[in-house]
Structures are given as structure tokens and as C-alpha cells.
Q: 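The structure is given below, and queries will be raised subsequently.
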Number of protein chains: 2
Amino acid sequence: MPEFGPLPNSLRRAVTRLSRQLRRNNDFTELSFPQVSALGILLAHGSMTLQELAEREGITPPSMLKSVQRLIELEYVGKAPHETDGRKQLLTITERGHEVIDDIRERRNEWLRARLDALSPEEIDVLEQALPILFRLAERDV
Amino acid sequence: MPEFGPLPNSLRRAVTRLSRQLRRNNDFTELSFPQVSALGILLAHGSMTLQELAEREGITPPSMLKSVQRLIELEYVGKAPHETDGRKQLLTITERGHEVIDDIRERRNEWLRARLDALSPEEIDVLEQALPILFRLAERDV
DNA sequence: ACCTGATCGTTAGTCAGAATAATTAGTCTG
DNA sequence: CAGACTAATTATTCTGACTAACGATCAGGT
């Protein structure tokens with residue numbers, strides 16, 4: 001059994017703080033943090049139900065619903081009944097949503113990108129290596 | 001100017017999700033997430049004012065105050081007037097606070113540690129290299 | 001010696017983003 | 001075809017952050 005010393009605590013603190021900072025610097029867009037995230041998933045992975053979307057983001061369906069409702073209101077996302085299963089609603093990113101997401105992401109990332117610019121290529125490399133590990137740590141269940 | 005491609009978005013998503021997971025798995029203690037964090041800072045860095053404590057955690061004084069008030073109520077932290085500056089109050093971790101924090105951290109980290117155990121030594125190494133970078137990204141101002 | 005402006009802790013009020021529990025509607029199975 | 005299950009939704013709550021404002025204290029300049 002490996003000996004991690006302070007790694008769990010350090011990792012926890014680093015992630016907590018960075019997450020706070022990212023949320024704080026989210027002022028550049030009309031869409032909230034989780035809304036952009038939801039839209040991005042629909043863009044990347046195509047149409048899906050609310051359940052699937054919530055699962056991918058690692059939150060509960062009611063939590064996801066709030067974001068989705070706003071996105072539908074703005075007509076960035078369309079909702080249509082599932083062809084064969086009347087309980088399901090298929091969520092699809094609209095043309096308009098497609099148009100705005102890149103721009104929104106661009107502006108939202110200004111703060112983070114500025115900070116990344118201050119890093120050395122080696123540090124960027126370390127971050128890129130760390131990313132898949134962080135995603136694995138963040139998986140639900142397992 | 002380096003070309004980061006999807007790094008900002010990926011980093012944002014990884015950090016956001018892991019942070020959510022960490023908060024979710026906080027059921028093992030009577031203290032909330034930020035309360036343990038504040039106590040840990042007082043343990044690691046000694047007595048300080050509310051201002052300093054808030055600054056170290058990267059949040060505003062009113063936000064920090066809530067945690068501190070609870071910690072004082074539980075007698076895990078003591079408050080005493082500053083010797084020369086009547087406006088300031090020095091916060092100090094008590095014997096009792098000292099006693100409980102390690103145990104709390106131990107239990108709270110169970111979930112995270114189990115996941116870290118599943119990583120290879122190389123992956124642990126990458127994480128350890130990434131930590132200081134994440135902390136730097138999380139700094140305020142700059 | 002005394003204003004003036006800054007700082008510290010604090011209170012009040014607000015907001016976002018998550019959760020749980022319960023409701024409604026549709027589907028499937030035995 | 002009745003009961004169990006599943007999907008979306010609603011209602012409610014909680015946590016953790018924020019800003020604004022206030023009283024007390026301090027420090028510096030005239």
C-alpha cells in the first residue's frame with residue numbers, strides 16, 4: 001500500500017481553491033458555469049436525455065434540469081419527445097447554441113488562459129498529463 | 001504565445017467535477033468542508049487574524065467568519081484580542097481542535113485515498129508535480 | 001491635538017448551485 | 001392488465017460563497 005503523506009489533503013485544497021477561482025471569474029458570459037458545461041456536453045456528444053446529460057456531468061437530474069431549462073428558454077437547446085419512449089425527451093443543441101458556444105467558451109476562459117500563459121512549457125505538459133488522472137478521480141461510483 | 005487548444009476547458013471541467021465529488025464525500029465528520037480547511041490552516045500556520053485566514057483560503061472575511069464562528073462555538077478555535085491593535089482578534093487552534101483535526105482529516109480522506117490507491121506510482125508522481133502548478137493557478141490577484 | 005481616511009470584525013441580505021423527496025406520466029412484465 | 005419501474009419535473013432545502021454597510025480602532029498629516 002503506497003504512502004501518500006499529505007497528497008490527499010493537498011489535492012483537496014488545490015482543487016477546492018482553483019474551483020472557487022474559476023467560478024469567481026465567470027463574469028464574461030450570459031450563461032452560468034453549469035449551463036456552459038451542459039451545452040458543451042451536448043455539442044461534444046450529441047443529443048441525449050436529461051438523465052444521460054446529468055450523468056455525464058456527475059450531478060442529479062433535478063440539478064441539471066435548471067441549466068437545461070434556461071438553455072431551452074434561450075433556444076440554445078431544443079427538446080423533442082423520444083421516438084419510441086414517451087417518457088424520454090431528447091435534448092439537442094440548436095444551430096444558435098452551436099453558434100454561440102465557442103464564443104462563450106472563449107470569453108469565459110480569458111482569465112484561466114492568461115494564467116496558463118504564465119506557465120512554462122514543462123508545466124503545461126505536467127498539467128496535460130495530470131488531466132486524465134483528475135478526470136478518473138472525479139468519476140462517480142467506480 | 002503558446003497554443004493551448006482545449007486545455008483551459010478540460011482543466012476547468014476536471015477541476016469542477018473533482019471539486020463536486022470531494023464536497024459530496026464529506027459525510028464522515030461533524031465539520032463542514034470549509035471549516036476543516038480553516039482549522040487546517042490554523043494548525044499549519046499558527047495564530048492569525050480573520051483577515052489573514054480568509055486571505056490564505058482565498059475567500060472574503062465574511063465567508064470565513066461563518067466557519068470560524070462555528071469552530072469557536074465547538075471550542076476548536078480560541079479568539080483573543082490582539083496585543084497592540086484593538087481592531088484585531090487573534091484566532092488560535094485549541095488543544096481540543098488540535099486533537100480532532102487529524103482524526104477528521106483521516107476519515108474525510110478515506111474516499112479520496114481509496115481512489116489514489118488505484119493509481120500507478122507514475123500517475124501519483126504526475127499528480128504531485130501538478131499540485132504546485134494548480135496552487136499557483138488558484139492564487140488570487142496576481 | 002485632532003480630523004480624515006483606511007482597516008478590522010461583524011451583520012444583513014442575496015445568490016448560485018447543488019441536494020432530497022415527492023409527483024406525474026409513461027413503459028414494461030408476469 | 002396490474003403492479004413495479006423509469007423519466008422528467010416540481011417543491012423545498014442547504015451550503016457556501018458574495019456585496020454592502022456599519023461601528024470601532026488605528027495611523028498620518030496639518
Side-chain angles (χ1 to χ4, degrees), chain A residues 12-13 15-27 29-38 47-73 77-91 108 138 140, chain B residues 12-13 15-27 29-39 47-73 77-91 138 140:
Chain A
R12 177 184 297 272
R13 297 203 317 169
V15 167
T16 300
R17 290 185 196 185
L18 186 47
S19 159
R20 261 199 305 255
Q21 281 291 43
L22 290 173
R23 281 182 187 278
R24 250 194 294 259
N25 291 276
N26 194 44
D27 302 330
T29 154
E30 60 196 325
L31 296 187
S32 77
F33 205 89
Q35 282 161 15
V36 179
S37 197
S47 301
M48 62 185 73
T49 66
L50 181 69
Q51 284 272 349
E52 291 169 324
L53 187 54
E55 205 165 315
R56 269 192 199 271
E57 184 61 10
I59 61 178
T60 59
S63 299
M64 179 56 80
L65 184 64
K66 279 240 196 113
S67 298
V68 167
Q69 281 173 336
R70 176 71 180 141
L71 291 172
I72 290 173
E73 204 176 298
V77 164
K79 185 170 73 169
H82 191 277
E83 294 190 352
T84 60
D85 189 334
R87 295 166 303 178
K88 297 183 181 176
Q89 298 282 329
L90 265 188
L91 303 172
R108 196 184 59 164
R140 290 197 99 161
Chain B
R12 177 184 296 271
R13 297 201 320 167
V15 167
T16 300
R17 290 185 197 185
L18 187 47
S19 160
R20 261 200 304 256
Q21 281 291 40
L22 290 173
R23 283 182 185 278
R24 251 195 290 261
N25 290 275
N26 193 46
D27 301 332
T29 154
E30 60 195 327
L31 296 186
S32 77
F33 204 89
Q35 283 161 14
V36 178
S37 198
L39 200 53
S47 301
M48 63 185 73
T49 67
L50 181 67
Q51 284 274 349
E52 292 168 325
L53 188 54
E55 206 165 314
R56 269 192 200 273
E57 184 62 11
I59 60 179
T60 59
S63 300
M64 180 55 79
L65 184 64
K66 280 238 196 113
S67 297
V68 167
Q69 281 173 337
R70 176 71 179 140
L71 291 172
I72 290 173
E73 205 177 299
V77 164
K79 185 170 75 171
H82 191 277
E83 294 190 354
T84 61
D85 190 334
R87 294 167 302 179
K88 296 182 181 176
Q89 298 281 330
L90 265 189
L91 302 171
R140 289 196 99 160

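The structure displayed is predicted, hence computed values, not measured ones.
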Q: Are B:R13 and A:E57 ion-paired here, with the side-chain N under 4.0 Å from a carboxylate O?
A: no
Q: How many whole angstroms separate atom CG of A:L65 from atom C1' of C:dT24?
A: 14 Å
Q: Would one find a side-chain N or O of B:T60 under 4.0 angstrom from OP1 or OP2 of D:dA17?
A: no
Q: Using a 3.5 Å distance criterion without hydrogens, assess whether the side chain of B:R70 forms a donor-acceptor pair with backbone atoms of B:S32.
A: no
Q: If I take atom CE in residue B:M64 and atom P in nucleotide D:dT15, what distance separates them, rounded to the nearest angstrom?
A: 18 Å
Q: Taking the side chain of A:Q69 as heavy atoms from C-beta outward, which of D:dA8, C:dG9, D:dT10 is closest to it?
A: D:dT10
Q: Please tell me which of the listed nucleotides, D:dG16, C:dT10, D:dA8, lies nearest to the side chain of B:L50?
A: C:dT10
Q: Picking from C:dG9, D:dA17, C:dA18, which would you name as closest to the side chain of A:I59?
A: C:dA18
Q: For B:T84, report the nucleic acid contact type (base, sugar-phosphate, nothing); a contact means any heavy atom under 4.0 Å.
A: sugar-phosphate
Q: The test is side-chain contact (heavy atoms from CB on, under 4.5 Å); show your working for A:Q89 and A:L50 and say whether it passes.
A: CA-CA 7 Å; A:Q89 298 282 329; A:L50 181 69; over 6 Å; no
Q: To the nearest angstrom, how far is A:L22 atom CG from D:dA17 atom P?
A: 14 Å
Q: Please state how far atom NZ in B:K66 lies from atom C1' in C:dT14, giving the value in whole angstrom units.
A: 11 Å
Q: How about B:E30: does its CD atom have over 12 heavy atoms from other parts shown lying under 6.0 Å from it?
A: yes
Q: Is B:T84 close to B:H82 at the side-chain level, that is, under 4.5 Å between some pair of heavy atoms?
A: yes
Q: By nearest atom, which of the nucleotides D:dG16, D:dA8, C:dT10 is closest to the B:P61 side chain?
A: C:dT10
Q: Give a yes/no on whether any side-chain N or O of B:Q35 is located under 4.0 angstrom from OP1 or OP2 of D:dT15.
A: no
Q: Without decimals, in angstroms, what is the distance between B:H82 NE2 and D:dA24 C1'?
A: 16 Å
Q: Apply side-chain contact (heavy atoms from CB on, under 4.5 Å) to the pair B:Q69 and B:E73, showing each step before the final yes or no.
A: CA-CA 6 Å; B:Q69 281 173 337; B:E73 205 177 299; 5.7 Å; no
Q: Given C:dT20, D:dG16, C:dG9, identify the nucleotide with an atom nearest to the side chain of B:Q51.
A: C:dG9
Q: What nucleotide, of D:dT9, D:dC18, C:dA19, holds the atom closest to the side chain of B:S63?
A: D:dC18
Q: Quick one: is B:S32 getting a side-chain N or O under 4.0 Å of the D:dG16 phosphate, OP1 or OP2?
A: yes
Q: With a cut-off of less than 4.0 Å, is there a side-chain N or O of B:K79 near OP1 or OP2 of C:dC8?
A: no
Q: What is the separation between atom CZ on B:R23 and atom P on D:dG16, rounded to the nearest whole Å?
A: 6 Å
Q: Provide, to the nearest angstrom, the distance between the CD atom belonging to A:Q21 and the C1' atom belonging to D:dG16.
A: 15 Å
Q: Over all strands shown, is A:T49 touching base, sugar-phosphate only, or nothing at heavy-atom distances under 4.0 angstrom?
A: sugar-phosphate
Q: Let's see if you can work this out: which of D:dT25, D:dA17, D:dG16 has an atom nearest to the side-chain heavy atoms of B:D85?
A: D:dT25
Q: Starting the side chain at C-beta, find the nucleotide from C:dA21, C:dA18, C:dT10 nearest to B:R20.
A: C:dA18
Q: Which nucleotide wins on minimum distance to the side chain of B:R87, given the candidates D:dA24, C:dA19, C:dT11?
A: D:dA24
Q: Roughly, in whole Å, what's the span from NZ in B:K88 to P in D:dC26?
A: 10 Å
